[in-house]
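Excluded from the calculations below are hydrogen atoms, water molecules and symmetry mates; all remaining heavy atoms, backbone and side chain alike, are included. Proteins get letters first, then strands, A, B, ... in listed order; numbering begins at 1 in each.
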2 protein chains.
Amino acid sequence: MNAKKTVERQTGVALWRQIADLIRLSISNGDHDQTGMVPPETVLAAQFGVNRHTVRSALAALADEGLVQAIQGRGTMIQRQERLSFPISRRTRFSQGLGDQARDIEAKLLAHETLPAVGEIATGLQIAPGTACVQLDLVSSADGRPLSCSTSYFPMERFGQMAEQFERLGSITKAFAAQGLADYVRVSTELVARHADADELALLRLSPGAIVIAATAINADPDGVPVQFSRTRFAADRVKLKLET
Amino acid sequence: MNAKKTVERQTGVALWRQIADLIRLSISNGDHDQTGMVPPETVLAAQFGVNRHTVRSALAALADEGLVQAIQGRGTMIQRQERLSFPISRRTRFSQGLGDQARDIEAKLLAHETLPAVGEIATGLQIAPGTACVQLDLVSSADGRPLSCSTSYFPMERFGQMAEQFERLGSITKAFAAQGLADYVRVSTELVARHADADELALLRLSPGAIVIAATAINADPDGVPVQFSRTRFAADRVKLKLET
DNA sequence: CCGAAATGTCTATTACGCTAGACAACTATA
DNA sequence: TATAGTTGTCTAGCGTAATAGACATTTCGG
């Protein structure tokens, strides 16, 4: 928890953005929970060794995100502080895991399509390249804030109604059940962290330069036959992944 | 694999850095494996919708990292492409998991200290706050490239010789064994992705703006008694975490 | 009610990021 | 050997980031 507060110049990342990222981090670390306020601009400027105007740019960006609110004469108050804990285990299910951490959790279907499986997707689903599969693009939100976006592939033959059932039931688990699959397990998950691309910035409503955790996962039925290949991108500053063993 | 190649302006992140990040990503995705070369500067400039000079800045940064090398008249060659797969499971061990992915894997002891456990550390190790514990700071490298840095805490009473044994044996697992603990398991892991701080930039030899995956983990003996609380920060562009269930 | 402390706003200056265009130097191929 | 394709280098100009300083405005405590 002793993240050193230093910024570096001439790195292609503007000082105000580095500072905004550090302040966002310290807020989510709970460093200012006692006061509920960010330190004064002059103090921050001294801490980071920059001009007060530069700190103001950083705070303006955070205010733009709705994370803080400045009040003249008083200071800069913290508006919101959250990082949902998202469990990943052999029995990972999206909505269930988040449980009571948020009041309103929803998954929205953005698009769906039928297409031939190629490359990694065919390999992951253990089907011949060219076999038809259904692609679903989803965005998941908690209390109105986007948490993750995902692209999933299902074998067409078994789960041709995936899009329709999801639209009707609002959950992958339920859509599987409606098509005769009562249970499934996570067999593989790979995680990579990187900067969000333009698509993800828009879908997850992130500020540019933000980080996503990309999870490539395979789910299989109880017999071990793959039923779903998915790539999920989490907004890194909104989630904490909890691995269960 | 269809990461859209678009960059955004006025975000506090210079275009050349955004482009460098995207090119680094496409290299690690294996997009240029056929040719072993990055597309020509003029092509990249057109793709990203920027001036050729801006692309040159991005390539210069990647050349600085040793990732690519430009040769006048020929093009820009890819020098190195790696993202080690690091398995995380109930039986996670550092050196073992990486196996034959790299020739030379080493963990170096930076510092050690005895101090009273507080807060999260005491909770994680299930010991009374104030109880003495040993802190070890390590950096792990594969083939000379830093992969991760970590800070671990061990209960002083059982593992007072941790630093000495690690120094002698070069491995946590062996140091445990030397102190009478033949086996241990991972009981909890939490992952968070964020920008690297100044310390991490230096230790992992990252370029500013780089991403780290921070893993907070607890290992326990076969009876379930916690033996190690650790925070490991991985250089995000050098590893892929593979969760085993 | 005054003054300290905090944010808000303005001007001016310097450094860097980005664009634009032109041409040199080098490599590979026909 | 000529030529197309690629990287290397230079100049010029413009907009933004960052610095510096001054002062206005608001809040809160003594």
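Between the CG atom of Leu59(A) and the C1' atom of dA6(C) there is a distance of 12 Å, given to the nearest Å. Between the CE atom of Met77(B) and the P atom of dT6(D) there is a distance of 16 Å, given to the nearest Å. The nearest whole Å value for the distance from the CG atom in Leu44(A) to the C1' atom in dA6(C) is 12 Å. Following rounding to the nearest Å, Met37(B) (CE) and dG5(D) (P) show an atom-to-atom distance of 16 Å. If you measure from atom CD1 of Ile71(A) to atom C1' of dT7(C), you get 10 Å, rounded to the nearest angstrom. For the pair Gln72(A) CD and dA4(C) P, the computed distance is 18 Å after rounding to whole Å. Spacing between atom CD of Gln69(B) and atom C1' of dT6(D) amounts to 15 Å, rounded to whole angstrom units.
Annotation: the span from Thr54(A) atom OG1 to Arg17(A) atom CZ amounts to 14.0 Å, rounded to 0.5 Å. The line from OG1 of Thr42(B) to CD of Gln47(B) is 10.5 Å long, rounded to the nearest 0.5 Å. Atom OG of Ser150(B) and atom CG of Leu138(B) lie 4.0 Å apart (nearest 0.5 Å). Summarising the geometry, atom CG belonging to Leu191(B) is positioned 10.5 Å from atom CZ belonging to Phe234(A); distances are rounded to the nearest 0.5 Å.
Map Gly73(A) and Ala14(A) each onto its nearest nucleotide of DNA chain D; the residue landing nearer the 5' end is Ala14(A). Judged by closest nucleotide on DNA chain D, Val38(B) is the one of Val38(B) and Asn51(A) placed further toward the 5' end.
Scanning atom types as modelled, one donor and one acceptor separated by under 3.5 angstrom connect the side chain of Arg52(B) and the base of dG8(D). Side-chain N/O atoms of His53(A) and base N/O atoms of dA17(D) include no donor-acceptor pair closer than 3.5 Å.
If you check dA18(D), dT7(C), dA24(C) against the side chain of Thr76(A), the one that comes closest is dT7(C). Minimum atom distance to the side chain of Arg74(B) is reached by dA28(C), of the listed dC26(C), dA28(C), dA20(C). For Thr54(A), whose side chain is taken as the heavy atoms from C-beta onward, the closest listed nucleotide among dT7(D), dA18(D), dT19(C) is dA18(D).
Contact annotation: Arg56(B) side-chain N/O to dG8(D) OP1/OP2 distance is under 4.0 Å.
Of the charged side-chain nitrogens involved, none lies within less than 4.0 Å of a carboxylate oxygen, so that Arg205(A) and Glu200(A) do not count as a salt-bridged pair.
Between Gln228(B) and Ser152(B), the side chains place a donor N or O and an acceptor N or O closer than 3.5 Å (distance only, hydrogens not considered). In this structure, a donor-acceptor pair under 3.5 Å is absent between the side chains of Glu190(B) and Thr216(B).
In this structure, the helix from dC1(C)-dG30(D) to dA30(C)-dT1(D) shows an angle of 30° between the axis at its start and the axis at its end, each fitted on 5 base pairs and rounded to 10°.
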